[in-house]
Amino acid sequence: MRAHWNRINDWLDHRTGVHTAVRKFLYEDIPASSGWHQVFGSVALFLFLVQSFSGALLAFNYAPTPGDAYNSLRYILTELTGGRLMRGLHHWGASLMITVVVLHMIQVFLFGAYKKPREATWMVGVVLLLLTLAYGLTGYLLPWDNRAYWGTVVATNIASQAPLLGPYLSRLLGGQGSIGVVTFARFFGLHVLLLPPATAFLIAVHVYLVRKHGVAPAPGDELVPKKKFYPEQVFKDTMAIFAAFAILFVMAVAARVPLEQLADPTDTSYVPRPEWYFLFLFQLLKLFTGPLEVVGSVVLPGLAVLALILVPFIDRGQMVRVTRRTFAFSFVALAAIGWTGLTAAAVITTPKEASQVAVDYSAPTDWMELSSEELAGVGHFRQENCVSCHAVGDTGSKIGPDLTRTTIHRNAAWMIQHFKSPAGIRPGSAMPPIQLSDSQLNSLAAFLLKLNPQNATALSTPRISRFRARWSTKRMAATHAIKSMVWVWTWVRL
Amino acid sequence: MAQIPIGTPVEMTFRRMRVDGWKVVSEQNSAWVVKSPNNQITAFGPQCTHLGCAYHWDEAKNEFVCPCHNSLFSIEGKVLGGPAPRPLDQYETKVQGATLLLGRLQTPPEQSA
């Protein structure tokens, strides 16, 4: 049996060379000083694979258009088996990946492992860091909730400030005027079509360069016999990967991934905040005002990236022991203090309300039992601001009847007719017609038929309270006459 | 018109048609409407001219406040503080009887930075 197996192996190796390649990979010589501090690269690669896998599973159930993205994500979270786990892995995996990539860079920086002949390896690594951040930026919009929408409004406005390139960048990102289908399609395209192959290619180049030049030795390593990558370093890498996955899994299961209200361009009470790793940049903009604004938004970050890329050419000295690299340690400590200070200031100055708008989509139980069509109705219910005139249990305005009263529900056909022509069905009604398609009205009616005093509590978010506090006599207006292809005159009855 | 208080901005929502890429969408939007003592109506675009965050009216301070980077605007839309590079954008307005017509959103030419 063993001889048979060996023959198959030999045949495969002769045709593909796979065993020879694996053997060469595992039994590569590495410096005697190699150890736990060099596990971050392997963990980052593992997390990239986790992101690719969880992203692909999400994409199987996600509709990448502004009209459907939010509801498809709610479907993933509430109805799909393992959907919440997949989104948790993908969301927290992004944060963990950025953390690990930065730790990897800090380790290489502190040890001076970027020095000749490893300059190209370092520079490819910096580009990989930028790509990792680009995933965070482009993926932020995809849930199409308020957090995503307003965060992207700010990001595209910052991009538009870039000297010379600003208007072109803004146009490329589709952010001119307002965020809509074009921006969404481009962010989605970048996130799932362009960035992954670019990352995979650069990881391959990075690993090739690491193998070509070998793991950077510490001074004095040449006097000690080298060791093999397998088994000692492979074991350490594997343990670190297990630890990272354990942390990620616990976060995906235990920590709720934020999903806020459906993106609402009219929600003027929303306070946008970027993801935690961009908070320091957001805060930095408060320090540069007027003509200096572009310094904080574009020039300083651009110079920082340029300096990072040129590190191997700035520091061209001989390799010294890590314990003697005082300047490198001081630089990292200063950067860490600066980052922490700016991030903490951004967190402290965030109004409390901004962190309270997450929807608790897991409760109550009735809420979980809504079909996908009824959930779509929730989106239309929020989009149309029904609570600006109607009461919903104890919340909302009191101008129109309480929508949780089952006596006003009748049946779907009657409700749809009523939505289309309120005054026609109920003479004297001041309610404006709802301008949605038949299928959208169908979803809205399906949801309202399920709405009752018990499950209405799930709608009692701070958002609805804010609506109640707003001017209650607001009226949504209908289109009046087309002024141009882009804008129309609209009327607001006063 | 009588429902809008003089000297206190009111946030109003309306529906507009907009070309969004390959389709025309009917979407909600909002404006901060101000009625002056001589019944002049001004309607401001709802986004801060700094980075596009939504601002709100602070009754205690009597000014518009952007929560992102603390830009401050007067009731006339002029920049009072913070990083905003120009005054609030304004909709073209036209009053027909009891109806307010809102048109294109533009930067007030006389206040442009």
key: B:E27/B:R15 ion pair, N-O < 4.0 Å   = no

query = Atom CG of B:L88 and atom CG of B:L105: how far apart are they, to the nearest 0.5 Å?
reply = 10.0 Å

ask   = Hey, which of A:L292, A:L285, A:V181 has the most heavy atom pairs under 4.5 Å with chain B?
value = A:V181

inquiry  = Any salt bridge linking B:D20 with B:R18? Criterion: basic side-chain nitrogen under 4.0 Å from a carboxylate oxygen.
reply    = yes

inquiry  = Only pairs of heavy atoms separated by less than 4.5 Å count here; which of B:P67, B:G21, B:S71, B:A43 has the most with chain A?
reply    = B:P67

message = Taking every non-hydrogen pair under 4.5 Å, which of A:V182, A:T349, A:V154 racks up the most with chain B?
response = A:V154

query = Among B:F73, B:W57, B:F64, which one satisfies ring pair (Phe, Tyr, Trp, His ring centres under 6.0 Å) with B:W32?
reply = B:F64

